[in-house]
Amino acid sequence: MYPGHFFYLGGTLMENHLIAAVRQHHPITFTVANTVTSGKVADALSAIGASPIMSAAPEEAADLVAAAHAVTLNLGTPTAELCKELTAVARAANRLHKPLVLDPVACGATAFRQQINHDLLTNHRFTVIRGNAGEIASLAGVDWNGHGIDAGSGDGDLVTLAQRCANRYQTTVVLSGPVDVITNGQATRHNDRGTEWLATNVGSGDILSSIIAALLGQGADPVTAGWLGCRLVTTAGKNATKGTHGLGSWQEHFLDELTMITDEDLA
């Protein structure tokens with residue numbers, strides 16, 4: 001059992017009380033972060049009531065994983081030194097049985113990123129992989145017309161794509177996009193809320209990945225954590241469009257909405 005498992009009824013974490021439980025218990029969410037978006041991720045985690053911590057030092061990886069309730073590895077700005085941190089954190093998370101989320105940013109863009117992801121997924125177990133369609137297609141070995149960090153385009157059903165990736169790595173996949181697909185290869189859920197500002201804002205996916213980790217740390221099963229994380233981020237994002245004049249004001253409203261959102265808002 002993960003140390004974040006706090007709130008149960010009949011052995012199952014109640015989905016409709018999960019946000020309240022996060023705000024009561026403040027699960028420690030350790031993110032090896034994209035340096036471009038680390039501040040946004042930390043603010044978003046704080047807004048929902050989680051306790052964020054970030055590090056890029058392999059020397060403290062085991063200690064931070066031990067203290068955390070869940071962990072996210074974000075490959076947004078990879079370096080040779082960061083690879084040591086990613087490996088050390090993944091190894092510690094598996095050894096200590098902590099929920100582990102992979103955000104394989106632009107994993108098909110370069111051979112370097114492809115190799116990092118291959119090594120991580122070959123040698124370590126991940127509770128959830130969260131990516132856009134292009135990233136999930138790359139991991140699943142499906143041809144896709146990607147462009148940088150964008151989802152790109154390709155032929156094929158997104159549910160089938162997500163299921164193929166989930167089965168390949170024996171994990172739960174959260175394929176985020178206009179309609180989010182959450183699947184463990186058998187059970188599949190969808191979320192169709194959202195706004196164009198989430199696609200425009202750099203870091204929306206990074207925020208989602210770490211929020212999913214926080215929900216896992218609170219005790220949610222992977223499919224529930226993936227679905228509720230998508231529901232939380234897209235509901236806040238959609239509500240933030242009211243009175244928004246551009247990306248800057250939307251970002252402020254988005255954090256406000258994350259701070260105020262309740263379990264009832266996500267029903």
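We number each residue from 1, following the sequence as shown.
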Are Phe112 and Cys83 close enough, and set up right, to give a side-chain contact (heavy atoms from CB on, under 4.5 Å), and what steps lead you there?
-> CA-CA 11 Å; Phe112 181 56; Cys83 290; 4.2 Å; yes
Answer whether the closest heavy-atom distance between the side chains of Pro222 and Asn184 falls below 4.5 Å.
-> no
Residue pair Gln163 / Thr188, side-chain donor-acceptor N/O under 3.5 Å = yes
Check: Asp206/Thr37 side-chain N/O donor and acceptor closer than 3.5 Å | yes
So, Thr224 side chain and Ala220 main chain: donor-acceptor pair closer than 3.5 Å or not?
-> no
Do Ser138 side-chain atoms and Gly134 backbone N/O form a donor-acceptor pair below 3.5 Å?
-> no
Indicate the atoms forming the closest heavy-atom contact of Asn117 with Cys107, along with that distance.
-> ND2-CB, 3.3 Å
Verify same cluster id: Leu158, Val179 (apolar side-chain graph, 4.5 Å) | no
Got Leu228 and Leu232 here, is their nearest side-chain heavy-atom distance under 4.5 Å?
-> no
Do you see a donor-acceptor pair shorter than 3.5 Å between the side chains of Gln115 and Asp119?
-> yes
Indicate the ring-plane relationship of Phe254 and Trp250, choosing parallel, tilted or perpendicular according to the 30° and 60° boundaries.
-> parallel
Straight-line distance of Glu257 CD to Asn239 CG, nearest 0.5 Å | 4.5 Å
For side-chain contact (heavy atoms from CB on, under 4.5 Å), just list the numbers for Thr87 and His124, CA-CA rounded to whole Å, side-chain angles, deciding distance to a tenth of an Å, and then say yes or no.
-> CA-CA 9 Å; Thr87 300; His124 308 287; 4.2 Å; yes
Could you walk me through whether Leu45 and Val41 pass side-chain contact (heavy atoms from CB on, under 4.5 Å), step by step?
-> CA-CA 6 Å; Leu45 286 170; Val41 172; 4.0 Å; yes
Sub-4.5 Å side-chain heavy-atom contact between Gln186 and Asn167 | yes
Leu247, Leu208: one ILVMFWY side-chain cluster at the under-4.5 Å cut-off?
-> yes
Answer with yes or no whether the side chains of Asp180 and Thr234 bring together a donor and an acceptor at under 3.5 Å.
-> no
Does Val202 offer a backbone N or O that forms a donor-acceptor pair with the side chain of Lys40 under 3.5 Å?
-> yes
Write down the atom of Leu82, the atom of Pro78, and the distance for their closest heavy-atom approach.
-> CD2-CA, 3.8 Å
First locate atom OG1 of Thr72, then atom CG of Asn34, and finally report the distance between them rounded to the nearest 0.5 Å.
-> 12.5 Å
Look at the side chain of Thr183 and the backbone N and O of Gly185, then say whether any donor-acceptor pair between them is shorter than 3.5 Å.
-> yes
Please round to the nearest 0.5 Å and tell me the distance separating atom CD of Gln251 and atom CG of Asn201.
-> 4.5 Å
Are any side-chain N or O atoms of Thr31 and backbone N or O atoms of Ala33, one a donor and one an acceptor, separated by less than 3.5 Å?
-> no
State, to 0.1 Å, how close Ala44 and Ile207 come at their nearest heavy-atom pair, and which atoms those are.
-> CB-CG2, 3.5 Å
On a heavy-atom basis, the closest approach of Leu120 and Ala90 is CD2-CB, 4.3 Å
Supply the atom-to-atom distance Glu264 CD to Ile19 CD1, rounded to the nearest 0.5 angstrom.
-> 10.5 Å
Rounding to 0.5 Å, atoms OG (Ser51) and NE2 (His25) come to a distance of 14.0 Å
When clusters are formed by joining ILVMFWY residues with side-chain heavy atoms under 4.5 Å apart, either directly or through shared neighbours, do Val173 and Val159 land in the same one?
-> yes
Using distance alone, with no hydrogens and no angle criterion, decide if Thr77 and Thr35 have a side-chain donor and acceptor under 3.5 Å apart.
-> yes
Here the pair of heavy atoms bringing Ala61 nearest to Glu85 is CB-OE1, 4.1 Å
Polar contact flag, side-chain donor to acceptor under 3.5 angstrom, Glu81-Thr79 = no
Could you tell me whether the side chain of Asp263 and the main chain of Ala20 form a donor-acceptor pair under 3.5 Å?
-> yes
Between Gly205 and Asp103, which heavy-atom pair has the shortest distance, and what is it?
-> O-OD2, 3.5 Å
How many angstroms lie between CG in Leu175 and CZ in Arg130, if you round to the nearest 0.5 Å?
-> 9.0 Å
Determine whether Arg193 and Arg231 make a side-chain contact, defined as any pair of heavy atoms from C-beta on separated by less than 4.5 Å.
-> yes
Go through the steps for Ile182 and His190 under the test side-chain contact (heavy atoms from CB on, under 4.5 Å), then give the verdict.
-> CA-CA 6 Å; Ile182 304 95; His190 301 82; 6.0 Å; no
Quick one: does Leu64's side chain get under 4.5 Å of Val89's, heavy atoms only?
-> no
Measure from the side-chain N and O atoms of Asn94 to the backbone N and O of Arg125, and report whether any donor-acceptor pair falls under 3.5 Å.
-> yes
Is a donor on one side and an acceptor on the other found under 3.5 Å between the side chain of Thr171 and the backbone of Thr127?
-> yes
Heavy-atom side-chain contact between Pro27 and Val22 under 4.5 Å = yes
Look at the side chain of Tyr169 and the backbone N and O of Ile129, then say whether any donor-acceptor pair between them is shorter than 3.5 Å.
-> no
Report yes if some heavy atom in the side chain of Leu100 is under 4.5 Å from a heavy atom in the side chain of Leu73; otherwise report no.
-> yes
Is there a donor-acceptor pair closer than 3.5 Å between any side-chain N or O of Arg113 and the backbone N or O of Gly76?
-> yes
